[in-house]
A.B. asks: 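Take a look at the following structure, please.
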Amino acid sequence: MAEYDFPDDLRDAQLRLHQASAAYRALCRTLPWSVEPEPGWESDKQPYSERRSSMAASPGYTPEQKTEEARLRREVLQLSTAVSTHPYWSTLETGTTVDARMALKHVHDGDSPLADVDGDGPSRPSA
């Protein structure tokens, strides 16, 4: 893969995007399945099987959970926009933008333990 001279502000925005995305995914794993309180349910028996889908009742999100989910979603959107519309992309030769964008996503691999806060990112070889 080619080497790219990414500006510091673009590299920083990409790192913050990784961190915000990881924080958002981590939060979402802890939230109830429904934003609003909903009763639990159980489906009918599936044909040719004894399987029945079910879902426990959801207490809904607390006001704090709603606020934090909205804040993180907004931060991810803003950072995604900042990275994807950065002026740097217009300086690249035609046909190299996709490779450069993919390289930027991995520019911080191994640099910081915060780059993959929730541990579900790509596996990295140990040193």
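Nothing fancy with the numbering, it's 1 onward along the sequence.
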A.B. asks: Any side-chain heavy atom of Tyr4 sitting closer than 4.5 Å to one from Val107?
C.D. replies: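 SC-SC contact between Tyr4 and Val107 ruled out.
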
A.B. asks: When you measure from the side chain of His18 to the backbone of Lys105, do you find a donor-acceptor pair of N or O atoms at a distance under 3.5 Å?
C.D. replies: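 Indeed, once roles are kept as given, a pair shorter than 3.5 Å links the two residues.
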
A.B. asks: Once you round to the nearest 0.5 Å, how far does CG of Leu10 lie from CG of Leu17?
C.D. replies: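 Result: 10.5 Å between the selected atoms.
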
A.B. asks: Could you grab the distance from atom CZ of Phe6 to atom CG of Leu104, nearest 0.5 Å is fine?
C.D. replies: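 Output value for this atom pair is 4.5 Å.
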
A.B. asks: Among all residues two or more places apart in sequence or in another chain, which pass the side-chain contact (heavy atoms from CB on, under 4.5 Å) test with Thr91?
C.D. replies: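 side-chain contact (heavy atoms from CB on, under 4.5 Å) list for Thr91, sorted by chain: Tyr88.
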
A.B. asks: Tyr61: what forms a ring-ring contact (aromatic ring centres under 6.0 Å, His included) with it, not counting sequence neighbours?
C.D. replies: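 By the ring-ring contact (aromatic ring centres under 6.0 Å, His included) rule, Tyr61 matches no residue at all.
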
A.B. asks: Output the distance between atom CZ (Arg101) and atom NE2 (His106), rounded to the nearest 0.5 Å.
C.D. replies: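 So the gap between those two atoms works out to 14.0 Å.
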
A.B. asks: Under the side-chain contact (heavy atoms from CB on, under 4.5 Å) rule, collect the residues that match up with Glu93, sequence neighbours excluded.
C.D. replies: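 Testing Glu93 for side-chain contact (heavy atoms from CB on, under 4.5 Å), a comparison that skips the adjacent residues, returns Thr96.
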
A.B. asks: My understanding is that a hydrophobic cluster links ILVMFWY residues whose side chain heavy atoms are under 4.5 Å apart, including indirect links. Using that, what else belongs to the cluster containing Trp33?
C.D. replies: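 In the cluster with Trp33 are Trp41, Met55.
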
A.B. asks: Mind checking salt bridge (Lys or Arg N to Asp or Glu O under 4.0 Å) for Lys45 and listing every partner two or more places apart, or none if nothing turns up?
C.D. replies: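 Lys45 satisfies salt bridge (Lys or Arg N to Asp or Glu O under 4.0 Å) with no other residue.
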
A.B. asks: Just by modelled atom types, is the Ser34 backbone N or O under 3.5 Å from a matching donor or acceptor in the Ser58 side chain?
C.D. replies: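 A pair under 3.5 Å: yes.
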
A.B. asks: Are Pro32 and Pro59 side-chain neighbours, meaning at least one heavy-atom pair lies under 4.5 Å?
C.D. replies: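 Counting from C-beta outward, Pro32 and Pro59 do come under 4.5 Å.
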
A.B. asks: Taking only residues at least two apart or on different chains, which pairs with a member in residues 30-40 satisfy salt bridge (charged side-chain N to carboxylate O under 4.0 Å, His left out)?
C.D. replies: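 Qualifying pairs: Glu36-Lys66.
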
A.B. asks: Apply side-chain hydrogen bond (donor to acceptor under 3.5 Å, both in side chains) to Asp9 and list each qualifying residue two or more places apart in sequence or on a separate chain.
C.D. replies: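 Here the qualifying residues are His86.
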
A.B. asks: Side-chain atoms of residues 70-83: list all donor-acceptor pairs with protein atoms under 3.5 Å, sequence neighbours left out, distances to 0.1 Å.
C.D. replies:
residue	atom	partner	partner atom	Å
Arg71	NE	Glu68	OE1	3.0
Arg71	NH1	Glu75	OE1	3.1
Arg71	NH2	Glu68	OE2	2.8
Arg73	NE	Glu69	OE2	3.0
Arg73	NH2	Glu69	OE1	3.1
Ser80	OG	Val76	O	2.8
Thr81	OG1	Leu77	O	2.9

A.B. asks: Under the side-chain hydrogen bond (donor to acceptor under 3.5 Å, both in side chains) test, which residues partner Glu64, sequence neighbours left out?
C.D. replies: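 Per chain and number, Glu64 pairs via side-chain hydrogen bond (donor to acceptor under 3.5 Å, both in side chains) with Thr62.
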
A.B. asks: Could you tell me which residues satisfy side-chain contact (heavy atoms from CB on, under 4.5 Å) with Ser49, sequence neighbours excluded, listed by chain and number?
C.D. replies: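 Applying side-chain contact (heavy atoms from CB on, under 4.5 Å) to Ser49 gives Gln46, Arg51.
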
